[in-house]
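Quick caveat, the model's predicted, so the values are computed rather than measured.
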Amino acid sequence: MPILGPVHINPVTRGLALLYRLQFWHSVGSSGVTTACQTLWLGGIASAGFSSALTNISSSCSSSQRLHYISHRDTAMTSLRLLPVLHSLLVLQVHLSNQLEDNKIPPSLCTGHPGIPGSPGAHGSPGQPGRDGRDGRDAAPGEKGQKGDRGDPGETGVRGLTGDRGDPGQKGERGQPGECAVAPKSAFSAKLSEGLTLPLTVGDAVRFDKIMLNEQGDYNTETGRFTCKVPGVYYFAVHATVYRASLQFDLMKNGHTVASYFQFYGNWPKPASLSGGSLLHLVPGDQVWVQMALSEYNGFYSSTKTDSTFTGFLVYSDWKNSAVFA
């Protein structure tokens with residue numbers, strides 16, 4: 001097979017040849033050729049072509065190695081002859097891609113028959129709820145409705161706190177003069193007359209017959225008894241001069257003993273005295289008097305120098321808005 005002379009290869013062809021050289025290097029490298037022969041062979045192809053490569057290996061490689069590279073030369077030459085065709089296809093592809101990018105492809109190259117209409121798509125899922133719309137304009141007020149029925153009373157609430165004290169009110173007008181009322185009164189005081197012969201019978205009332213005060217006439221000298229007219233509390237007091245005998249007497253109310261008093265006399269040359277008093281609550285009609293307790297103890301005495309007295313008066317009345325007493 002004749003050896004090809006130098007071939008002028010343009011830059012595009014040289015680039016494609018480099019791809020071949022890589023493939024060729026791989027096939028040659030797996031056949032047991034030494035690294036030195038591979039370097040000379042590929043260096044010749046890269047610089048001037050196959051002729052330069054054969055010249056390089058004729059002096060440095062064995063006969064078997066040279067036959068190995070020559071057996072691959074026809075395949076390589078066929079690939080080189082196809083390079084111009086591949087170059088034209090590459091240029092055309094670049095030109096068409098530029099037109100596609102610029103939307104300058106002729107309509108005749110893109111026009112086809114209309115396609116068959118597609119079937120309707122599946123019903124989509126509901127979309128997200130839309131946002132609330134803006135408030136509308138205020139409308140004119142409507143007519144007033146009828147009054148509803150009265151509702152049931154609610155439960156009583158909790159008692160509130162006491163409020164602040166209010167301001168004093170205005171002073172009222174002066175009232176009409178009222179009638180002047182006199183407080184109820186009742187009082188008396190009586191004593192024994194000098195040389196009065198006293199009763200000796202037990203149970204008889206001692207009659208203090210000499211009146212010192214009895215404006216309301218509540219004490220009776222004939223009976224020796226006080227009769228109540230004004231209900232209330234009264235104070236009664238008895239003072240006795242004791243002479244010639246011992247003395248014991250009782251303060252009675254309506255026949256019941258309310259207090260008892262006793263004084264022993266021991267033949268003294270001068271008289272002794274015995275006093276006592278008590279508060280009683282009376283109602284109209286009640287009677288109070290002094291009564292002898294024992295017949296042998298009857299030493300009441302009265303003279304120009306000494307007296308025996310019985311006194312009583314109203315402390316306070318039970319009547320409200322009582323009548324006027326003169």
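For the salt bridge (charged side-chain N to carboxylate O under 4.0 Å, His left out) test, no residue two or more places apart in sequence or in another chain qualifies with Lys253. Listed by chain and number, the residues in a salt bridge (charged side-chain N to carboxylate O under 4.0 Å, His left out) with Asp218 are Lys229 (sequence neighbours excluded).
A ring-centre distance under 6.0 Å is not found for Phe208 and Tyr219. Aromatic ring centroids of Tyr265 and Tyr297 lie 6.0 Å or more apart.
One finds the CD atom of Gln216 at 9.0 Å from the CG atom of Leu314 (value rounded to the nearest 0.5 Å). Between atom CD of residue Gln263 and atom OG of residue Ser246 there is a gap of 7.5 Å, rounded to the nearest 0.5 Å. Between Leu274 atom CG and Gln248 atom CD the span is 9.5 Å, to the nearest 0.5 Å. For the atom pair CG of Asp286 and CZ of Arg225, the computed distance is 12.5 Å after rounding to the nearest 0.5 Å. Between the CG atom in Leu247 and the CG atom in Leu294 there is a gap of 10.0 Å [rounded to 0.5 Å].
Looking at Asp250 and Ser260, their side chains do bring a donor and an acceptor atom within 3.5 Å of each other.
Using a 4.5 Å heavy-atom cutoff, the side chains of Thr227 and Asn220 are not in contact. When side chains are defined from C-beta on, Leu251 counts as touching Phe236, because their heavy atoms get closer than 4.5 Å. The shortest distance between side-chain heavy atoms of Leu192 and Phe300 falls below 4.5 Å. Within the 4.5 Å cutoff, the side chain of Val238 has no heavy atoms near those of the Tyr261 side chain.
Taking every heavy atom of both residues into account, Gly203 and Gln291 meet most closely at O-OE1, 3.2 Å. Contact detail for Ala245 and Val242: the closest heavy-atom pair is O-CG1, 3.1 Å. For the pair Ser186 and Tyr234, the tightest heavy-atom approach, listed with the atom from each and the gap, is OG-CE2, 3.6 Å.
Connectivity analysis of hydrophobic side chains (ILVMFWY, heavy atoms under 4.5 Å, direct or indirect) links Leu213 to nothing; its cluster partners are none. Residue Val283 belongs to no hydrophobic cluster, having no ILVMFWY side-chain heavy atom closer than 4.5 Å to its own. Residues Val233, Tyr235, Leu279, Phe313, Val315 make up the rest of the hydrophobic cluster containing Tyr316, defined by ILVMFWY side-chain heavy atoms closer than 4.5 Å, directly or through other members. As a member of the Ile/Leu/Val/Met/Phe/Trp/Tyr network built from side-chain separations under 4.5 Å, Met252 groups with Trp289.
The backbone N or O of Ser308 lies less than 3.5 Å from no partner atom in the side chain of Thr241, so there is not a single donor-acceptor pair. A donor-acceptor contact shorter than 3.5 Å is absent between the side chain of Thr309 and the backbone of Lys191.
Counting non-hydrogen atoms of other residues, nucleotides and ligands closer than 6.0 Å to CZ of Phe264 gives a total of 12 or fewer.
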(message) Between His281 and Asp318, does the side chain to side chain contact (heavy atoms under 4.5 Å, CB included) criterion hold? Intermediate values first, please.
(response) CA-CA 10 Å; His281 185 271; Asp318 291 341; 2.6 Å; yes
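Both Phe226 and Val258 are part of a single hydrophobic cluster, where members link through side-chain heavy atoms under 4.5 Å apart.
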